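Note that these values count all heavy atoms, side chains included, but never hydrogens, waters or copies made by symmetry. Small disclaimer: the values here were computed from a predicted structure and weren't measured. Sequence lines set the chain letters: A, B, ... in the order given, protein chains first and strands last, and positions in each chain run from 1.
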Amino acid sequence: MTWILHIDGDSFFASVEMSLNPALKGRAVVTGHERGIATAMSKEAKALGIHRGMPVYQIKKLYPQAIIVRSDYHNYSIFAHRMYNIVRRYAGKVEEYSIDECFARVEDIETAWKVKSDLQKELGMTFSLGLGPTKVIAKVASKWNKPDGFTVIEPDKLEGFLRDMQIGQIWGIGPQTAHHLQRLNIKTALDFIQRSEDWIRGNLGKRELELWHELRGTPVYHVHTSHDDLPGSIQHTRTFNPPTTDKKILFSELSKNVEGACAKARADKLLARKVYYFLKTQEFRYHRFEMALPEPLQTPNEILNLIKETLGEVHKAGVVYRATGVALNDLIPEAYEQKSLFQEGSACPPGPAGGVKNEKKREIFKTIDRLERKYGAHSIILGSSMRALTKKGERVGFHKRFNLPFMGEVV
DNA sequence: TCTGGGGTCCTAGGACCC
DNA sequence: TCTGGGGTCCTAGGACCC
């Protein structure tokens with residue numbers, strides 16, 4: 001039989017910290033210092049009562065023995081790739097699902113045990129594994145026994161597992177859907193799969209029908225290797241404190257987000273054909289705007305001009321905003337970009353405006369990317385992003401942060 | 001959990017066309 | 001023109017995940 005294996009790193013971020021620094025082993029380790037709230041914690045920290053989202057000042061006060069460290073996503077990502085590669089020794093198809101999880105197809109239970117043993121030996125941390133006939137059941141299984149678990153759910157043992165599983169615990173069923181299902185008298189996963197297919201079709205949506213099949217052991221979701229598709233979007237968002245009504249500050253925040261998203265696009269060799277941005281109000285409402293770009297872009301200037309032109313419509317005077325965000329959508333690889341056949345020197349009219357100019361601009365930004373790698377992030381930023389930099393919650397002006405030439409105000 | 005950042009996918013409704 | 005039915009494409013916004 002072919003099984004779906006789901007692998008989940010236990011307290012992944014905290015475990016990576018402990019693996020890299022053995023002095024932390026056995027201690028209550030918490031990551032998220034930079035955010036001011038706990039992001040992940042070791043089982044020792046959990047045992048003390050520390051939970052996700054707990055403020056750092058509170059942890060310090062209540063549990064002085066806890067060690068609170070900054071999250072280091074670079075290291076976590078290195079460990080994630082080691083994890084994927086170890087799994088690939090044993091499985092042809094591995095889906096890199098997230099920084100601490102993956103799916104794989106394996107032929108037998110022994111193989112899954114070998115994966116677990118290699119992972120733990122080589123990465124110096126524990127993993128919880130779940131084995132089942134479908135992805136959703138494999139997820140149920142890996143969650144069943146944590147940490148350091150290994151749970152196999154055979155198709156004919158399904159009911160026993162699903163009987164004790166609250167509907168809201170199922171992967172893909174969030175608070176809204178859970179509430180809706182409870183009102184229809186579906187409390188557990190077993191209640192759910194015992195409804196007829198017709199009933200599901202008549203009363204629920206596509207997502208729920210898929211989950212219904214998966215939970216009954218019929219695969220709907222496939223393990224797909226992660227390299228086969230591009231990301232659909234690149235986003236950069238940031239919440240700031242204090243919130244503001246000031247359009248200039250909001251533009252500056254957007255500017256910083258555009259810079260960040262474009263840097264990522266260049267790093268991934270992608271071009272955006274659409275841009276979307278939003279202002280998020282204190283009430284968590286979004287004022288948004290989406291626009292098609294005149295040509296595929298990965299540099300900030302034109303995008304910022306477009307935002308500048310439209311911000312007046314999006315921004316509502318007097319409304320207090322707490323965050324802004326930018327997404328580059330409709331991404332295409334650099335390689336696909338049509339080289340203009342009619343560039344300088346040609347007798348034919350030029351293609352989309354500024355083909356050559358853009359080429360140069362792109363070169364400039366590639367140089368910036370190299371300098372940033374050398375001198376560190378944010379050593380060079382656009383003038384328009386200056387206002388967004390904060391220090392101890394205050395917006396610092398221009399000169400204080402000015403260590404390298406800036407690229408000029410966006411006109 | 002009074003709420004950070006980066007993603008994906010689905011759906012309802014409007015615009016436009018025949 | 002006061003008016004049916006159907007298709008497609010796009011957008012806003014919701015829901016969910018890690």
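Nucleotides of DNA chain C nearest to A/G174 and A/F289 differ in position, and the one nearer the 5' end is that of A/F289. Toward the 5′ end of DNA chain B lies the nearest nucleotide of A/E283, the other residue of the pair A/E210 and A/E283 mapping further downstream. DNA chain B is contacted by both A/F284 and A/Q235; A/F284 maps to the nucleotide lying nearer its 5′ end (nearest heavy atom per residue).
The residue A/I173 sits close only to the backbone: its heavy atoms come under 4.0 Å of sugar-phosphate atoms, none of a base. Note on A/Q176: only backbone sugar-phosphate atoms sit closer than 4.0 angstrom, heavy atoms only; bases stay farther off. Residue A/K280 is out of contact with every strand shown, counting any heavy-atom pair closer than 4.0 Å. Among the atoms of the strands shown, none is found under 4.0 Å from any heavy atom of A/Y286. Residue-level contact check: A/I170 touches the backbone only, with heavy atoms under 4.0 Å from sugar-phosphate atoms and none from bases.
Comment: A/R238 engages A/E253 in a salt bridge, judged by a side-chain N to carboxylate O separation of less than 4.0 angstrom. With respect to A/D118 and A/K114, no salt bridge is recorded, no charged nitrogen being found less than 4.0 Å from a carboxylate O. Between A/E197 and A/R201, at least one side-chain nitrogen of the basic residue sits less than 4.0 Å from a carboxylate oxygen of the acidic one, meeting the salt-bridge criterion. Under 4.0 Å is where a charged nitrogen must lie from a carboxylate oxygen, and between A/R266 and A/E334 no such pair does. Salt bridge annotation for A/K143-A/D8: absent, with no cationic side-chain nitrogen under 4.0 angstrom from a carboxylate oxygen.
The stretch residues 31-59 of chain A does not touch DNA chain C, since none of its heavy atoms comes less than 4.0 Å from the strand.
The aromatic rings of A/F278 and A/Y276 are tilted relative to each other, their planes meeting at an angle between 30° and 60°. The aromatic rings of A/F12 and A/Y76 lie perpendicular to each other, with more than 60° between the two planes, well past the 30° mark. Aromatic ring pairs are classed by plane angle as parallel below 30°, tilted from 30° to 60° and perpendicular above 60°; the pair A/W171 and A/Y97 is perpendicular.
Considering only heavy atoms from C-beta on, A/V326 comes within 4.5 Å of A/L254 through its side chain. Contact of the A/N21 side chain with the A/E17 side chain is not registered, since no non-hydrogen atoms from C-beta on lie closer than 4.5 Å.
Secondary structure note: stems in DNA chain C built from 3 or more consecutive Watson-Crick or G-U wobble pairs under 3.5 Å occupy B:5-18 with C:5-18.
The outermost nucleotides of DNA chain B lying under 4.0 Å from heavy atoms of chain A, listed 5' to 3', are B/dT3 to B/dT11.
A cation-pi arrangement, defined by a distance under 6.0 Å to the six-membered ring centre and an angle within 45 degrees of its axis, is present between A/K308 and A/F251.
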